[in-house]
Amino acid sequence: MSAPEAPRLRLGSKAPNFKATTTKGEIDFHEYIGDGWVILFSHPDDFTPVCTTELGAFAKLEGEFTKRNVKLIGLSANSLQSHEEWIKDIDEVAGSSLSFPIIADADRQISYLYDMLDYQDVTNRDGKGLPLTIRSVFIIDSKKTIRLILTYPASTGRNTQEVLRVIDSLQATDKYKVATPINWVPGDDVVVAASVSNADADKLFPGYRAVKPYLRLTTLPADKVLPQ
């Protein structure tokens with residue numbers, strides 16, 4: 001009998017729940033999210049160079065995510081003991097103090113559930129020949145809805161500042177009737193949402209600029225986006 005297919009996860013899908021062993025104890029994922037947001041991100045393997053730099057960078061930025069009501073949780077296809085030893089290296093290399101949980105997913109159950117396994121690089125396997133995870137990122141909101149999915153090959157490290165920027169964009173566009181254009185960072189102009197009529201735009205965004213009928217720009221000060 002073949003294994004059941006993993007659920008196809010898209011933007012807008014409800015994030016599948018799971019129970020897991022982590023470096024901070026047993027968790028129920030949905031309970032861990034609570035009424036905030038979460039970033040779930042996977043790593044190919046413990047004690048590997050790119051992963052070590054990534055975990056350290058996320059650890060050093062954790063305070064910025066916390067200000068935005070966002071929790072972090074990592075995953076690697078290794079044992080709990082391996083994770084605990086690896087964290088010592090991460091903190092030494094990065095000068096960090098990693099405090100968010102890392103899931104021990106040695107049996108690949110959660111990796112399979114979230115389709116994090118590497119099907120491209122046949123060499124990305126552990127000593128038993130089992131596929132390791134790729135660098136997946138899931139941003140999940142307080143309604144347990146998947147808002148963003150990023151997937152990187154094992155050879156390419158992620159950009160933590162980009163993940164933080166996307167959080168700012170998602171939370172700003174949820175709060176205001178806007179979209180964020182290319183390379184946007186908090187404080188830059190934003191796009192008036194296409195669903196907003198010109199009459200409503202006059203009330204909501206007085207002085208907006210119509211570059212084209214379909215491209216209307218308005219200011220959105222950084223202090224309306226960033227946590228105070």
Side-chain angles (χ1 to χ4, degrees), residues 5-18 28-42 58 61-73 75 100 113-116 134-152 156 158-228:
E5 288 188 11
R8 177 174 287 182
L9 301 180
R10 301 182 176 93
L11 300 187
S13 296
K14 184 171 183 179
N17 195 23
F18 57 81
D28 176 287
F29 186 49
H30 282 186
E31 290 181 4
Y32 179 75
I33 297 172
D35 60 359
W37 293 49
V38 73
I39 298 172
L40 168 65
F41 55 103
S42 61
F58 272 111
L61 266 183
E62 185 175 12
E64 289 299 317
F65 289 108
T66 300
K67 291 177 186 176
R68 293 157 171 81
N69 198 25
V70 180
K71 295 178 180 177
L72 300 174
I73 185 166
L75 177 148
F100 56 82
L113 182 65
Y114 276 77
D115 197 20
M116 296 174 171
I134 45 180
R135 303 186 193 283
S136 297
V137 179
F138 293 86
I139 295 180
I140 300 163
D141 68 17
S142 58
K143 296 178 181 178
K144 318 300 187 288
T145 300
I146 296 174
R147 302 294 301 276
L148 176 132
I149 301 172
L150 292 171
T151 305
Y152 294 71
T156 302
R158 285 161 283 206
N159 186 321
T160 51
Q161 290 292 340
E162 169 63 6
V163 177
L164 187 65
R165 187 190 77 91
V166 172
I167 288 287
D168 287 335
S169 172
L170 290 171
Q171 294 185 344
T173 56
D174 279 358
K175 187 174 182 180
Y176 306 102
K177 294 182 178 181
V178 299
T180 56
I182 181 71
N183 295 331
W184 173 88
V185 293
D188 287 354
D189 286 354
V190 294
V191 176
V192 177
S195 59
V196 177
S197 68
N198 287 339
D200 286 341
D202 286 333
K203 300 173 186 176
L204 294 169
F205 311 106
Y208 76 86
R209 306 187 317 281
V211 179
K212 293 288 184 181
Y214 56 85
L215 175 55
R216 298 167 297 172
L217 298 176
T218 188
T219 59
L220 184 62
D223 60 9
K224 289 190 174 183
V225 177
L226 298 175
Q228 301 302 307

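Values below: all heavy atoms of this structure, side chains included; hydrogens, waters and symmetry mates excluded.
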Report summary line: Residues at least two apart in sequence or cross-chain that pass side-chain hydrogen bond (donor to acceptor under 3.5 Å, both in side chains) with Asp200, listed by chain then number, are Ser197
Requested in this report: Identify, with sequence neighbours excluded, every residue that meets side-chain hydrogen bond (donor to acceptor under 3.5 Å, both in side chains) alongside Gln161.
Outcome: none
Report task. For Leu226 and Pro186, work out which heavy atoms get closest and say how close. Result -> CD2-CG, 3.7 Å
Report task. Taking the side chain as every heavy atom from C-beta outward, state whether Val225 and Trp184 have any atom pair closer than 4.5 Å. Result -> yes
**Report entry** Partner of Val70 under side chain to side chain contact (heavy atoms under 4.5 Å, CB included), chosen from Val38, Ile167, Leu164, Val163
**Finding:** Ile167
Query - Candidate list Phe65, Phe58, Phe41, test ring-ring contact (aromatic ring centres under 6.0 Å, His included), partner Phe100, passing option - result: Phe41
**Report entry** Asn198 and Tyr208: CA distance, side-chain angles, deciding distance, side-chain contact (heavy atoms from CB on, under 4.5 Å) verdict
**Finding:** CA-CA 10 Å; Asn198 287 339; Tyr208 76 86; 3.4 Å; yes
Report task. Please examine the side chains of Glu64 and Thr160, heavy atoms only from C-beta on, and report whether any two atoms are closer than 4.5 Å. Result -> no
Query raised in the report: What is the distance from atom OH of Tyr114 to atom CD1 of Ile149, rounded to the nearest 0.5 Å?
Result: 10.0 Å
**Report entry** Gln171 side-chain N/O to Arg68 backbone N/O, donor-acceptor pair under 3.5 Å
**Finding:** yes
Query raised in the report: Rounded to the nearest 0.5 Å, how far does CD1 of Ile139 lie from OG1 of Thr145?
Result: 13.5 Å
Query - Separation of Asp35 CG from Asp141 CG (nearest 0.5 Å) - result: 11.5 Å
Query raised in the report: Is any side-chain heavy atom of Val137 closer than 4.5 Å to a side-chain heavy atom of Arg158?
Result: yes
Report task. Measure the shortest side-chain to side-chain distance between Leu217 and Val191 over non-hydrogen atoms and say whether it is less than 4.5 angstrom. Result -> yes
Report summary line: Between Ala172 and Val178 the two heavy atoms that sit nearest each other are O-CG2, 4.3 Å
Query - Residue pairs involving residues 173-184 (criterion salt bridge (charged side-chain N to carboxylate O under 4.0 Å, His left out); sequence neighbours excluded) - result: Arg147-Asp174
Query raised in the report: Do the non-hydrogen side-chain atoms of Leu9 and Pro16 ever get within less than 4.5 Å of each other?
Result: yes
Query raised in the report: Hey, what do you get for CD (Gln228) to NZ (Lys67), rounding to the nearest 0.5 Å?
Result: 10.0 Å
Query raised in the report: In Å, rounded to the nearest 0.5 Å, how long is the span from CD1 of Ile140 to CG of Leu148?
Result: 10.5 Å
Requested in this report: Can you run down the salt bridge (charged side-chain N to carboxylate O under 4.0 Å, His left out) pairs that involve residues 208-228, sequence neighbours left out, and say none if there aren't any?
Outcome: Asp189-Arg209
Query raised in the report: Quick one: CD on Glu62 to NZ on Lys71, what's the gap to the nearest 0.5 Å?
Result: 11.0 Å
Query raised in the report: Is the closest side-chain heavy-atom distance between Leu204 and Val196 below 4.5 Å?
Result: yes
Query raised in the report: What residues, two or more places apart in sequence or in another chain, satisfy salt bridge (charged side-chain N to carboxylate O under 4.0 Å, His left out) together with Glu162?
Result: Arg165
Query raised in the report: Does Ser42 use its side chain to pair, donor to acceptor, with the backbone of Leu75 at less than 3.5 Å?
Result: no
Report task. Provide the closest heavy-atom pair for Ala15 versus His30 in the form atom of the first, atom of the second, distance. Result -> O-NE2, 2.7 Å
Report summary line: Applying salt bridge (charged side-chain N to carboxylate O under 4.0 Å, His left out) to Lys144 and not counting sequence neighbours gives none
